[in-house]
Amino acid sequence: MALHGPVDRLDPAQAADVVELAARAAATVGHSSVGDGAWHQRVTGDGGGFAAAWSDDASSSRAASTLTAYLQAVRSVDGRWTAELLVDPAHRTLTADVGASLLSTVLRQVGAAGGGVVDLWAVAATPSHAEVAARAGLVAHRTLLQMVRPLPTGVHADLVLRPFVVGRDEDEVLSVNRRAFVRHPDQGDMSRADLDERKTEPWFDPAGFLLHDIGGRLAGFCWTKLFPAAPDGTTQGEIHVICVDPDFHGRGLGRDLTVAGLDHLSNRGATEGMLFVEGDNAGAIRLYEKLGFTVIRTDRSFRTTVAAT
């Protein structure tokens, strides 16, 4: 098994190999962060905010260049890096050994690119992912639970909602978001640049960014995503963010905004509602369970700060 990288860009053939590996990995974890047009443009571009390394197995019964594992780190507009490891299901027993080598290689490249905070996200995390992180000096940082429920819910919320208006609502949304998530800095630190970046994503739709005002103030919002239909006919809609200004706590707005978001997604054709919730947010987890959500996946992140070299 050979190791390759680090690199600050992929050529088209390498990118195609990664997409193929991601498809194999996604079959077991139900998730892939690579393969869309925006990803392809980023990783085959001029570098500067990207680092990757991979391994392959020339003895594979498939093509000689078949990837067994791949790790990438991508720098966001706020300077932090998000890393993710993909492992071929046929080589899952090698996750700790191969993953640790790839992560160390990519972290050296991050240092050469200026360093910064690096979060390694493990989708459907296993003890092997924790070992990969520990060998490279990363510490456990966050736990996210993915929860789902079928749509429609049969429940409705009596809320007056309006769509997000691009160019008008950004500052107020960021202010409320900062106040609501003061104890969760990864969400509460969302900047205008972060928000502007999300507005360029293919999934962004102002009509699905639902705002609720009270007395002329933004009291809360439900930001939704609608995904393309899956091959099995399921269309998933996500509650991307539920946010309530602390001044309006105690009115049941969290529940009502969630119900309103699910209703909106159902009306748009979603057959399944999905959301992610912090693993330490016991109150929110209880609320979602009462609304019929169940946990289907646990993701974990591990963090380190890399010095510039």
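Since we're looking at a predicted model, the values are computed, not measured. Basis for what follows: all heavy atoms, side chains included, without hydrogens, waters or symmetry-related copies.
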Peer 1: Could you pull out all residues at least two apart from His240 that satisfy ring pair (Phe, Tyr, Trp, His ring centres under 6.0 Å)?
Peer 2: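 For His240, the residues satisfying ring pair (Phe, Tyr, Trp, His ring centres under 6.0 Å) (neighbours in sequence not counted) are Trp203, Trp223.
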Peer 1: With a 4.0 Å cut-off on N to O distance, would you call Asp11 and Arg9 a salt bridge?
Peer 2: no
Peer 1: I want to check something: taking the side chain as every heavy atom from C-beta on, are Asp280 and Thr143 in contact at a cut-off of under 4.5 Å?
Peer 2: no
Peer 1: For the residue pair Ala53 and Val106, what are the closest heavy atoms and their distance?
Peer 2: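 Ala53 and Val106 have their closest heavy atoms at N-CG2, 3.7 Å.
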Peer 1: Side chains of Asp299 and Gln146: closer than 4.5 Å at any heavy-atom pair?
Peer 2: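 A side-chain contact is absent here, since even the closest heavy-atom pair is not under 4.5 Å.
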Peer 1: Would a distance-only check, ignoring hydrogens and angles, find a side-chain to backbone donor-acceptor pair under 3.5 Å from Asp194 to Ser191?
Peer 2: yes
Peer 1: Who passes ring pair (Phe, Tyr, Trp, His ring centres under 6.0 Å) against His4, sequence neighbours left out?
Peer 2: Trp54
Peer 1: For Gln72, which of Leu10, Leu86, Val34 qualifies under side chain to side chain contact (heavy atoms under 4.5 Å, CB included)?
Peer 2: Val34
Peer 1: With side chain to side chain contact (heavy atoms under 4.5 Å, CB included) as the test, would you mind laying out the steps for Leu102 and Val98 before giving the verdict?
Peer 2: CA-CA 6 Å; Leu102 295 179; Val98 176; 4.0 Å; yes
Peer 1: Please find the pair of heavy atoms, one from Leu103 and one from Leu120, that lie closest to each other, and give the distance.
Peer 2: CD2-CD2, 4.0 Å
Peer 1: Applying a strict under-4.5 Å side-chain criterion to I, L, V, M, F, W and Y, I'd like to know whether Leu253 and Val277 cluster together.
Peer 2: yes
Peer 1: Any pair with a residue in residues 151-174 that passes ring-ring contact (aromatic ring centres under 6.0 Å, His included), sequence neighbours left out, goes on the list, sorted by first then second residue, please.
Peer 2: Phe164-Phe209
Peer 1: Give a yes or no on whether the backbone of Thr235 and the side-chain of Thr271 come within a donor-acceptor separation of less than 3.5 Å.
Peer 2: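 Here the side-chain-to-backbone pair exists.
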Peer 1: Strictly by ring-ring contact (aromatic ring centres under 6.0 Å, His included), give each pair with a member in residues 251-290 just once, sequence neighbours left out.
Peer 2: Tyr288-Phe293
Peer 1: Quick check: does any side chain N or O of Asp263 sit under 3.5 Å from a backbone N or O of Val259, one acting as donor and the other as acceptor?
Peer 2: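 Not at all, since once roles are kept as given, no pair shorter than 3.5 Å links the two residues.
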Peer 1: Donor-acceptor pair, distance only, cut-off 3.5 Å: does the side chain of Thr309 make one with the backbone of Ala112?
Peer 2: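 Yes, because the side chain of Thr309 sits within donor-acceptor range (under 3.5 Å) of the backbone of Ala112.
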Peer 1: Can we say Asp205 and Arg268 salt-bridge, meaning some charged N sits less than 4.0 Å from an Asp/Glu carboxylate O?
Peer 2: yes
Peer 1: Would Arg135 and Asp97 pass as an ion pair if we require N to O under 4.0 Å?
Peer 2: yes
Peer 1: Check side chain to side chain contact (heavy atoms under 4.5 Å, CB included) between Asp158 and all other residues, then give those that pass, not counting sequence neighbours.
Peer 2: none
Peer 1: Identify whether Ile296 and Ile239 are in the same connected component of the hydrophobic contact network (ILVMFWY, side-chain heavy atoms under 4.5 Å).
Peer 2: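 Different clusters.
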Peer 1: Counting only N and O atoms by type, is there a donor-acceptor contact under 3.5 Å from the side chain of His212 to the main-chain atoms of Leu218?
Peer 2: no
Peer 1: Locate the shortest heavy-atom distance separating Leu71 from Gly99; write the atom from each residue and the value.
Peer 2: CD1-O, 4.2 Å
Peer 1: Using atom types as modelled and distance alone, determine if a side-chain donor or acceptor of Thr234 lies under 3.5 Å from a backbone N or O of Ala230.
Peer 2: no
Peer 1: Going by heavy atoms in the side chains, are Leu257 and Leu159 under 4.5 Å from each other?
Peer 2: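 A side-chain contact under 4.5 Å exists here.
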Peer 1: Say whether, by atom type as modelled, one donor and one acceptor occur between the side chain of Asp213 and the main chain of Gly216 under 3.5 angstrom.
Peer 2: no
Peer 1: Glu238 side chain to Gln236 main-chain N or O, any donor-acceptor pair under 3.5 Å?
Peer 2: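 Between the backbone of Gln236 and the side chain of Glu238 there is no qualifying donor-acceptor contact (under 3.5 Å).
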Peer 1: With the threshold set at 4.0 Å, does a side-chain nitrogen-carboxylate oxygen contact exist between Asp119 and Arg80?
Peer 2: no
Peer 1: Keeping Thr95 on the side-chain end and Arg92 on the backbone end, is there a donor-acceptor pair under 3.5 Å?
Peer 2: yes
Peer 1: I'd like to check the ring pair (Phe, Tyr, Trp, His ring centres under 6.0 Å) partners of Trp81; sequence neighbours left out, ordered by chain and number.
Peer 2: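 So Trp81 forms no ring pair (Phe, Tyr, Trp, His ring centres under 6.0 Å) with any residue.
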Peer 1: Are side-chain heavy atoms of Arg142 and Arg303 found at a separation under 4.5 Å?
Peer 2: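 The answer is no; the side chains never approach within 4.5 Å.
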Peer 1: Evaluate the criterion side chain to side chain contact (heavy atoms under 4.5 Å, CB included) for residue pair Lys225 and Leu275; output intermediate values, then yes/no.
Peer 2: CA-CA 10 Å; Lys225 286 184 184 181; Leu275 55 80; over 6 Å; no
Peer 1: Please name the pair of heavy atoms, one in Ile285 and one in Glu278, separated by the smallest distance, quoted to 0.1 Å.
Peer 2: CD1-O, 3.8 Å
Peer 1: Examine Leu262 and Phe221 and state if one hydrophobic cluster contains both, with Ile, Leu, Val, Met, Phe, Trp and Tyr joined whenever side-chain heavy atoms are less than 4.5 Å apart.
Peer 2: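 No, because Leu262 and Phe221 fall into different hydrophobic clusters, even though each may have its own neighbours under 4.5 Å.
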Peer 1: Check this for me, if you would: do Asp171 and Arg192 make a salt bridge, where the nitrogen-to-carboxylate-oxygen distance has to be below 4.0 angstrom?
Peer 2: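 Yes, this pair counts.
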Peer 1: Please check if Tyr70 and Val19 belong to a single hydrophobic cluster, counting links between Ile, Leu, Val, Met, Phe, Trp and Tyr side chain heavy atoms closer than 4.5 Å.
Peer 2: yes
Peer 1: Rounded to the nearest 0.5 Å, how far apart are CG of Leu138 and OG1 of Thr305?
Peer 2: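 Between atom CG of Leu138 and atom OG1 of Thr305 there are 9.0 Å.
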Peer 1: Can you give me the closest heavy-atom contact between Gly208 and Thr224, atom names plus distance?
Peer 2: O-OG1, 2.7 Å
Peer 1: Between the main-chain N or O of Val173 and the side-chain N or O of Asn177, is there a donor-acceptor pair closer than 3.5 Å?
Peer 2: no
Peer 1: Which heavy-atom pair separates Val110 from Ala73 by the least distance, and what is that distance?
Peer 2: CG2-CB, 4.2 Å
Peer 1: Is there a path of hydrophobic side-chain contacts, each under 4.5 Å between heavy atoms of I/L/V/M/F/W/Y residues, joining Leu67 to Val74?
Peer 2: yes
Peer 1: Using a strict 4.0 Å threshold on nitrogen-to-oxygen distance, state whether Arg149 and Glu272 make a salt bridge.
Peer 2: no
Peer 1: Is the shortest distance from a Lys or Arg side-chain nitrogen in Arg217 or Glu172 to a carboxylate oxygen in the other one below 4.0 Å?
Peer 2: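 Answer for the salt bridge query: no.
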